[in-house]
Amino acid sequence: FPRADSCDASDNCDDGSVSGSGSGGAGSDGGSDNASAGFTLSKTTATVSETGSTDTFTVVLDSLPSADVVFGVSDDDSNNSELSLSTASLTFGTGNWSTAQTITLTGLDDSDVDGNVSSTVTVAVSFSADTNYAGLSAQTVSVTTIDNDSAGFTLSQTTATVSENG
C-alpha cells in the first residue's frame, strides 16, 4: 500500500502514529509507535592531548523526525585554551536521520603547567518543529586534555669559576 505519511518502510516514525493499512485500517496494530524520539552518542568519554591529538564521537537520531532537528554542540572550556570542537551544530532531517555525524575534538597547546584538564562537551537540541525531539534532554561527553607542560628551570651554565682575591 502507498504510504501517506513520513514514516519509513519499517514504520520508524515518531509522531505517535502507526502507519499502514489492512483489514483493521490504519493503526490496526494497536496504535502504538515502535520507535521513540531520541539520539545516541557513540561514547561518553574522550581523551586528547595538548600535542594536538584528536578524538571523535558520533551523534545519530533514534527515529525518523517529522521535521529537522538541530543540535548545538558546546564545551565548558571558557577560554578555549584546552579543547577545540570541529563544529558548533549538527542538523538531522528526514533524509539523514539514521546517518551518524562525527564531532572531532582537538587538544590545544597552552604554556600553562595546569595538569590534565577535564571538560564537558554538551550536545543538546537547539531547535526542532518536531515536538517529540524539541523536548529531549542534553547528553554529554567528558573530555580529558592531557597536559604536555612541566614545571622546571634551565641552567645556563653548570660550572662557575670564582677568584678568592676579590
Side-chain angles (χ1 to χ4, degrees), residues 1-109 116-146:
F1 297 95
R3 300 189 67 85
D5 58 24
S6 63
C7 300
D8 67 17
S10 299
D11 191 30
N12 287 323
C13 51
D14 68 354
D15 61 1
S17 67
V18 176
S19 64
S21 59
S23 61
S28 64
D29 65 352
S32 65
D33 191 340
N34 68 354
S36 59
F39 65 100
T40 300
L41 303 181
S42 62
K43 64 169 90 173
T44 57
T45 61
T47 302
V48 296
S49 170
E50 287 186 359
T51 62
S53 70
T54 62
D55 201 346
T56 62
F57 68 93
T58 61
V59 181
V60 66
L61 296 186
D62 296 340
S63 64
L64 178 70
S66 62
D68 283 357
V69 180
V70 180
F71 288 91
V73 182
S74 61
D75 67 65
D76 62 358
D77 179 20
S78 60
N79 59 3
N80 296 319
S81 64
E82 299 288 338
L83 181 65
S84 172
L85 306 174
S86 62
T87 187
S89 68
L90 301 171
T91 301
F92 290 91
T94 58
N96 72 341
W97 71 272
S98 63
T99 302
Q101 295 187 39
T102 301
I103 298 169
T104 301
L105 312 170
T106 303
L108 299 177
D109 195 15
N116 298 343
V117 175
S118 297
S119 302
T120 301
V121 173
T122 301
V123 180
V125 176
S126 58
F127 175 79
S128 182
D130 183 331
T131 57
N132 294 308
Y133 274 94
L136 292 179
S137 297
Q139 295 186 41
T140 60
V141 175
S142 297
V143 182
T144 300
T145 303
I146 306 298

Any side-chain heavy-atom pair of [X] and [Y] under 4.5 Å:
X: Thr94; Y: Leu64; result: yes
X: Phe127; Y: Asp68; result: no
X: Asp55; Y: Lys43; result: yes
X: Val69; Y: Phe39; result: no
X: Asn96; Y: Gln101; result: yes

Can you tell me how far [atom2] of [Y] sits from [atom1] of [X], rounded to the nearest 0.5 angstrom?
X: Glu50; Y: Ser81; atom1: CD; atom2: OG; result: 8.0 Å
X: Thr122; Y: Asp76; atom1: OG1; atom2: CG; result: 7.0 Å
X: Leu105; Y: Ser86; atom1: CG; atom2: OG; result: 7.5 Å
X: Asp75; Y: Thr120; atom1: CG; atom2: OG1; result: 9.0 Å
X: Leu90; Y: Ile103; atom1: CG; atom2: CD1; result: 4.5 Å
X: Thr106; Y: Leu85; atom1: OG1; atom2: CG; result: 8.5 Å

- Message: Just by distance, no angles: are the side chains of Ser63 and Tyr133 close enough, under 3.5 Å, to form a donor-acceptor pair?
- Response: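 Checked: Ser63/Tyr133 side chains pair up, N/O donor to acceptor below 3.5 Å.
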- Item | Distance-only donor-acceptor check, side chains Ser36 and Asp62, under 3.5 Å |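 Per modelled atom types, Ser36 and Asp62 side chains form no pair under 3.5 Å.
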- Message: Suppose we screen for ring-ring contact (aromatic ring centres under 6.0 Å, His included). Which residues come up paired with Phe92, at least two apart in sequence or across chains?
- Response: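 For Phe92 the ring-ring contact (aromatic ring centres under 6.0 Å, His included) partners, ignoring immediate neighbours, are Phe71.
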- Query: Any idea which heavy atoms bring Ser53 and Ser49 closest together, and the distance?
  - Reply: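 Ser53 and Ser49 have their closest heavy atoms at OG-N, 2.7 Å.
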- Taking all non-hydrogen atoms of both residues into account, name the closest pair between Ala134 and Ser128 and its distance.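 Minimum heavy-atom separation between Ala134 and Ser128: CB-O, 3.5 Å.
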- Test Val117 against Leu83 for side chain to side chain contact (heavy atoms under 4.5 Å, CB included), laying out the working first. CA-CA 10 Å; Val117 175; Leu83 181 65; over 6 Å; no
- Query: For Ser42, what residues pass the side-chain hydrogen bond (donor to acceptor under 3.5 Å, both in side chains) criterion, not counting sequence neighbours?
  - Reply: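 Scan of Ser42 (side-chain hydrogen bond (donor to acceptor under 3.5 Å, both in side chains), adjacent residues dropped) gives Thr58.
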- Item | Ser126 side chain vs Val70 backbone, donor-acceptor pair below 3.5 Å |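 Yes, Ser126 side chain to Val70 backbone: donor-acceptor pair under 3.5 Å.
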- Message: Checking Thr131 now: which residues fulfil side chain to side chain contact (heavy atoms under 4.5 Å, CB included) with it, not counting sequence neighbours?
- Response: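 Not a single residue meets the side chain to side chain contact (heavy atoms under 4.5 Å, CB included) criterion with Thr131.
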